[in-house]
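If you're wondering where the values come from, they're calculated on a predicted model, not measured in any experiment. A note on names: the letters A, B, ... follow the listed sequences, proteins ahead of strands, and every chain is numbered from 1.
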There are 2 protein chains.
Amino acid sequence: MPMKLDIAQRLSQYRSVLYKLKALGFVRVFSDNLGDALELSPALVRKDFSLFHLTGNKRVGYQIDDLLAKLNRLLGKDKTQKIVIVGCGKIGQALMSYSGFAREGIQVVAGFDTNPAVINPHAPLPILDLKEFGPFIKREGIRIAIMAVPDNAAAQVLDVLRGSEIRGVLNFAPVPLRGGDHCIIRNINIGLEIENLFYHVKFSGKLGGRTP
Amino acid sequence: MPMKLDIAQRLSQYRSVLYKLKALGFVRVFSDNLGDALELSPALVRKDFSLFHLTGNKRVGYQIDDLLAKLNRLLGKDKTQKIVIVGCGKIGQALMSYSGFAREGIQVVAGFDTNPAVINPHAPLPILDLKEFGPFIKREGIRIAIMAVPDNAAAQVLDVLRGSEIRGVLNFAPVPLRGGDHCIIRNINIGLEIENLFYHVKFSGKLGGRTP
DNA sequence: TCGTTGTTGTGAAATGATTCACATATCTTC
DNA sequence: GAAGATATGTGAATCATTTCACAACAACGA
C-alpha cells in the first residue's frame, strides 16, 4: 500500500526520477515511463504536468532538461534552501549532520537550543541560544525550521517560531501542532507512523473488518 | 494546510485526543468535540466511527472508555508492539533512545548493523550483526522494522528485510523503496518533506499559478 | 406522560481526485 | 508528401471521500 501522495510530493518524485533517467543518458521521456517508475497512471502524470504548464510534444514526449529546469524553479531548487534546526538533542543533532540535505540543495545554517551545555556559537555549524532566534531568522532571511524538541517544550518553542518570520515548520515532537494563518506545520510523529504500519500490516489492504 | 490524513491516521488521532479528554475528567464525548479538536467535520468523525462499528448513543454521545478500549484493540495497542531498528548510525541511534516510543507502547528490542564497531550484543539494548537478522526476527516474532541506513545500502538491506518475516518497514533512507506483496513500506524522506514545505510556503494555499 | 431538545447513524448530494478516451499534433517511412 | 504510428492535452466519465440533511431515538423538564 504505497501511501497516497499529494500533487506537490509527486512533483518532487518526478524530479527525482528525471534525474535518474538523465544520468542513464535519456534526453526525452514519456508520461508512461514516469508512470511506470512511480506506479502512477500516465494520464495522471500528464494531468499533473498540464496543471503546471509543463508541456511536451505529441509523439515525442517531454524534454528531460526542460522539464527539470521548470520543476526546479517550481520547487525552489534553483537556489539553496536555508533552514535552521530548533532543539539540538539526539534527533536534532542527527539531523544537523544528515547527509540527505546537501544532496537536495538544503543547507542547515544554525541550530538553536536553550540548554547552555550545547550552545556553541563558534562551531562550524553554530548552535545559538533560542533567545536570538527572531533576529537571526530575520537577518538571514530563513523561512523554514525543523523542530526537534521534547514534547513538553513543543508548545512554548512553537510560540517563539510563530513570533518570528518562520513560515513553515517540520515538527518531530510527538505532539500534533497547529499552525496559524501564516505558518504551515508538517508533523512527523514517528510513533504514530509505526502505529500506522501495525494497522496496515494487520489489515493488509481490506478495510472495515472487525477483529476476528 | 494541515496535510490530509487517511482514515487510519485519524483513528490514531481520535485515540490521542480521547486520552486528553479523559485526563481532563470527561466521560463522554460528542462527534463535534472530536471534530473541533482535530479540525474535522463532526459528520466525518461519525462516518469513521460507524465504519468500524464504534457506536455511541443518540443525545448522549460516545463513552470515552468504551471508545478507547475499542480503538486500542483496533490499533493493536492492547499489547506491546515490538520493533527493531536496522542501521545504527546517528539517526538509528537517536531513534533507539527516542522517548516517544515508550509512551505509545512501542518497544525497540534490538538494533542491527554491519559495522563491527557499533555491534554490541550485550548492551541493554543489543546491537546485533545484520547476519543474524532473519533468525532473530523469527524467534522474537517481530513484524515491523525501522530502516535508517545510508542510501547506498538501502536496496541491499531491504533485500535482507524482505527475505525475513518482516511485514512493515519505516524507511528513513532518502531513497523511495518499493515493498512487495507481503511487505508494506512507508518512506520518510526528510529532505523531501522540507522541499514540500518550501513549496507550500511559496504557494500558501492557492495552486496552479505560474511563477510571477 | 408528553413535548422539547440535542445527538447519533446513514442514505443522498456535493466535492475532489483519477482514469478514460479521443481529437490533435508530430515524427517516420515509403 | 501522403499514410501510418504514436504521444500529448483535455473534456467527460468514473471512482473516492467528505459533507449535508434528516429520521430515529434518548434524555430532560413540565
Side-chain angles (χ1 to χ4, degrees), chain A residues 1-14 17-18 21 26-68 70-71 196 200 203 205-208 210, chain B residues 1-14 17-18 21 26-68 70-71 196 200 203 205-208 210:
Chain A
M1 183 144 303
M3 175 52 69
K4 211 118 91 129
L5 263 27
D6 81 13
I7 189 174
Q9 295 174 293
R10 289 199 301 267
L11 291 182
S12 297
Q13 298 217 298
Y14 296 139
V17 173
L18 287 168
L21 292 173
F26 287 82
V27 169
R28 305 178 322 195
V29 67
F30 304 125
S31 58
D32 48 349
N33 301 147
L34 290 168
D36 290 350
L38 297 169
E39 294 188 321
L40 305 169
S41 76
L44 181 55
V45 174
R46 295 200 299 273
K47 263 265 152 63
D48 284 349
F49 283 5
S50 110
L51 185 54
F52 289 96
H53 314 104
L54 307 174
T55 61
N57 297 292
K58 297 187 204 302
R59 167 90 207 227
V60 130
Y62 301 87
Q63 300 296 320
I64 291 183
D65 280 331
D66 175 52
L67 223 42
L68 276 173
K70 286 174 176 164
L71 279 172
N196 235 247
H200 284 296
F203 300 118
K206 337 98 175 81
L207 225 175
R210 103 186 60 265
Chain B
M1 185 145 303
M3 176 51 69
K4 208 116 93 138
L5 264 27
D6 82 13
I7 190 175
Q9 296 174 293
R10 289 200 300 268
L11 291 182
S12 296
Q13 297 217 297
Y14 296 139
V17 335
L18 287 169
L21 292 172
F26 287 81
V27 169
R28 305 178 322 195
V29 68
F30 303 125
S31 58
D32 47 349
N33 302 145
L34 289 168
D36 289 349
L38 297 169
E39 294 187 321
L40 305 170
S41 75
L44 181 56
V45 175
R46 296 201 298 274
K47 264 265 152 68
D48 284 349
F49 283 5
S50 110
L51 185 55
F52 288 97
H53 314 105
L54 307 174
T55 61
N57 296 293
K58 295 182 206 302
R59 167 96 204 219
V60 129
Y62 300 88
Q63 301 296 321
I64 292 183
D65 279 332
D66 175 51
L67 223 43
L68 277 172
K70 286 174 177 165
L71 278 173
N196 236 248
H200 283 296
F203 300 118
K206 345 71 178 107
L207 223 175
R210 102 185 61 264

Between A:Y62 and A:F49, does the ring centre distance come in under 6.0 Å?
-> yes

Rounded interatomic separation in angstrom, taking OH from B:Y62 and C1' from C:dG6 | 14 Å

Using atom types as modelled and distance alone, determine if a side-chain donor or acceptor of B:D36 lies under 3.5 Å from a backbone N or O of B:N33.
-> no

Once you round to the nearest 0.5 Å, how far does CG of B:D65 lie from CZ of B:F26?
-> 14.0 Å

What's touching nucleotides 26-30 of chain D from the protein side, N or O pairs under 3.5 Å?
| from | atom 1 | to | atom 2 | distance (Å) |
| --- | --- | --- | --- | --- |
| D:dA27 | N3 | B:R59 | NH1 | 3.3 |

Ignoring backbone atoms, test whether B:S50 places a side-chain nitrogen or oxygen under 4.0 Å from the OP1 or OP2 oxygen of C:dT10.
-> yes

Where A:D66 and A:T55 come nearest, the two heavy atoms and their spacing | OD2-O, 4.1 Å

Take the protein atom CG of A:D32 and the nucleotide atom C1' of C:dA21, then report the distance between them rounded to whole Å.
-> 16 Å

To the nearest Å, give me how far apart CG (A:D66) and P (D:dT8) are.
-> 14 Å

Please give, in whole Å, the distance from C:dT7 P to B:N33 CG?
-> 9 Å

Backbone N/O of A:Q9 and side chain of A:D6: donor-acceptor pair under 3.5 Å = yes

Which residues pass the side chain to side chain contact (heavy atoms under 4.5 Å, CB included) test with A:K47, sequence neighbours left out?
-> none

B:Q63 CD to C:dT7 C1', in whole Å, measures 13 Å

So what does A:F49 hit on the nucleic acid, given a heavy-atom distance under 4.0 Å: a base, only sugar-phosphate, or nothing?
-> nothing

Atom pair CG/CD1 of B:D48 and B:I7 - distance to nearest 0.5 Å = 4.0 Å

Shortest non-hydrogen contact from A:L5 to A:Q13?
-> CD2-OE1, 3.1 Å

How does each nucleotide of nucleotides 12-21 of chain D score, in 5' to 3' order, for protein heavy atoms under 4.0 Å: base (B), sugar-phosphate only (S), or none (-)?
-> B-----SBBB

